[in-house]
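What follows is one structure encoded as structure tokens, with my remarks underneath.
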Amino acid sequence: MAPPLQPLRRITGTSGPSRRSLLAGVAALGALGAAGCSRVPTASTTDGGDLLERLRAAGVVRLGIAGEIPFGYIDKDGELTGEAPELAEVIFKRLGVDRVQPVPTEFGSLIPGLNSQQFDVVAAGMYVNPERCEQVIFSDPDYQMLDSFIVRKGNPLGLRTYQDVVKKKAKFATGTGYAEIAYAVEAGYKESDILIVPDQVAGLNAVEAGRVDVFAGTALTTREVVKKSNKAEATEPFKPLVGGKPHVDGGAFAFRPTETKLRDAFNVELAKLKKSGELLRILKPFGFTEDEMTDLTAKELCGG
């Protein structure tokens, strides 16, 4: 299994503070990585881009990561790992690119860094949404994510949806920059009444201490963080309502808008991994399960 989970990445925008904090030392590593790598020549001039050919010639692809477990991070031994880099390594080898190189940065800098040629691909489990789709192109998602609550053992208030939280007038918490803030507000919870904590560990502590009745996060992080708790549990995963309709988030790789050939080639290999079941094998050590596997497409999540 991956090391204990840290703040998860799911803000709805592309800049400003994210729900993911950098691991200690990642910023310094990022500066060294960016300075030490040889840049692939900049703009693609051919229709659909020629980045894939240039990456094959260079033998290396630079991955923008945001130092967040389990998506893309530098481990305690200084090695690149996470579900997105591990998946990228498999797919790019199949595409004829033998080596991946991390370029750590803040989450809000991933899209600007990609478009300014600081790295070649965003490999950070980034959620696909219409706002981001105006700035980059996405592969199809390699995972989907539902929400879940951390509640006290036995779930005494019966909290299973954001609507339940509002109806029961429960004390509600979630993380800094989390998409769950908007989901709760849409359900009718007053934003100023939400307790904002740094991450899911702080959320668990708040529930265990009785400061709140419920903490909202992703199904993956809530189920991982409660494993060693004898006071709290995670609820069954559920789909929040967005615009009155059940919503499922999906995370994917991001590419510069000109590089459709690379994105399309990446999607072909990703589809093969999904069909064979190898995708789940790659992601499973990082806490992903069959529930996180998906047939969602980037087109769907971009709004058609």
Side-chain angles (χ1 to χ4, degrees), residues 2 6 8-11 14 18 20 22-23 26-27 29-30 33-34 37 39-40 49 51-52 55 58-75 78-128 132-133 135-145 220 249-257 259 262-270 273-274 278-279 282-283 285-288 292 294 298 301:
Q6 299 294 320
L8 191 59
R9 149 239 84 272
R10 291 184 35 247
I11 60 165
T14 58
S18 76
R20 350 178 356 157
L22 292 176
L23 299 181
V26 165
L29 283 168
C37 65
R39 287 185 176 273
V40 173
L51 180 57
L52 178 55
L55 294 177
V60 60
V61 55
R62 298 167 300 156
L63 306 178
I65 66 170
E68 181 187 1
I69 299 171
F71 298 97
Y73 59 100
I74 307 296
D75 67 16
E79 299 294 327
L80 173 65
T81 189
E83 65 90 14
E86 295 289 342
L87 178 56
E89 184 172 18
V90 171
I91 289 180
F92 277 101
K93 279 187 177 178
R94 293 185 174 199
L95 293 176
V97 184
D98 291 333
R99 189 163 63 90
V100 298
Q101 180 178 36
V103 183
T105 187
E106 294 180 358
F107 189 81
S109 298
L110 284 169
I111 287 179
L114 175 69
N115 285 328
S116 63
Q117 310 277 338
Q118 293 177 34
F119 36 83
D120 305 305
V121 181
V122 171
M126 180 178 281
Y127 274 14
V128 181
R132 290 174 179 152
C133 294
Q135 303 170 72
V136 298
I137 55 173
F138 284 99
S139 67
D140 287 328
D142 47 274
Y143 73 88
Q144 67 178 10
M145 196 64 71
L220 187 155
D249 286 302
F253 290 74
F255 305 83
R256 285 187 286 276
E259 302 298 342
L262 175 58
R263 188 274 314 273
D264 293 347
F266 190 98
N267 270 343
V268 168
E269 298 303 326
L270 177 61
L273 293 175
K274 288 181 178 182
E278 190 175 353
L279 177 62
I282 295 168
L283 271 55
F286 300 98
F288 292 78
E292 279 74 56
T294 183
L301 293 175

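Here the structure is a predicted model, which is why all the values come from computation and not from measurement.
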I need the minimum non-hydrogen distance between Phe266 and Ser139, along with the two atoms involved.
CD2-CB, 3.8 Å
In Å and rounded to the nearest 0.5 Å, what is the OH to CZ distance from Tyr143 to Phe71?
4.0 Å
Nearest non-hydrogen partners of Ile65 and Ala123, listed with the distance:
CG2-O, 3.5 Å
Working to the nearest 0.5 angstrom, can you tell me the gap between Glu68 CD and Met126 CE?
10.5 Å
For the student: nearest non-hydrogen atoms of Pro141 and Ala252, plus distance
CA-CB, 3.8 Å
Validation row: Thr105, Phe119 side chains within 4.5 angstrom (heavy atoms)
yes
Applying the side chain to side chain contact (heavy atoms under 4.5 Å, CB included) criterion to Arg132, which one of Ile111, Ile137, Val122, Leu301 satisfies it?
Ile111
Under a 4.5 Å cut-off applied to non-hydrogen side-chain atoms, are Asp142 and Phe253 in contact?
yes
The reported gap from CG in Leu110 to CD in Gln118 (rounded to nearest 0.5 angstrom) is 10.0 Å
Could you work out, with ring-ring contact (aromatic ring centres under 6.0 Å, His included) as the rule, every residue matching Phe138, not counting sequence neighbours?
none
Minimum heavy-atom separation for Glu292 to Gly287, with atom names?
OE1-O, 4.3 Å
Looking only at side-chain N and O atoms, does Thr81 offer a donor or acceptor that is under 3.5 Å from a partner on Glu79?
no
Considering non-hydrogen atoms only, spot the tightest contact between Ala298 and Val128 and give its length.
O-CG1, 4.2 Å
Which heavy atom of Pro104 sits nearest a heavy atom of Ile74, and at what distance?
CG-CG1, 4.5 Å
Can you name the residues that form a side chain to side chain donor-acceptor pair (under 3.5 Å) with Glu83, not counting sequence neighbours?
none
Any Leu63 side-chain heavy atom under 4.5 Å of Pro102 side chain
no
Donor-acceptor pair, Asp120 side chain versus Arg62 backbone, under 3.5 Å?
yes
Main-chain N/O of Gln135 paired to Asn115 side chain as donor or acceptor, under 3.5 Å
yes
Under 4.5 Å between any side-chain heavy atoms of Val121 and Phe255, yes or no?
yes
Looking at NZ of Lys274 and OG1 of Thr294, how far apart are the two atoms once the value is rounded to the nearest 0.5 Å?
6.0 Å
Side chains of residues 87-100: which donor-acceptor pairs under 3.5 Å do they make with residues two or more places apart or in other chains?
unit_1, atom_1, unit_2, atom_2, d
Arg94, NH2, Glu278, OE1, 3.0

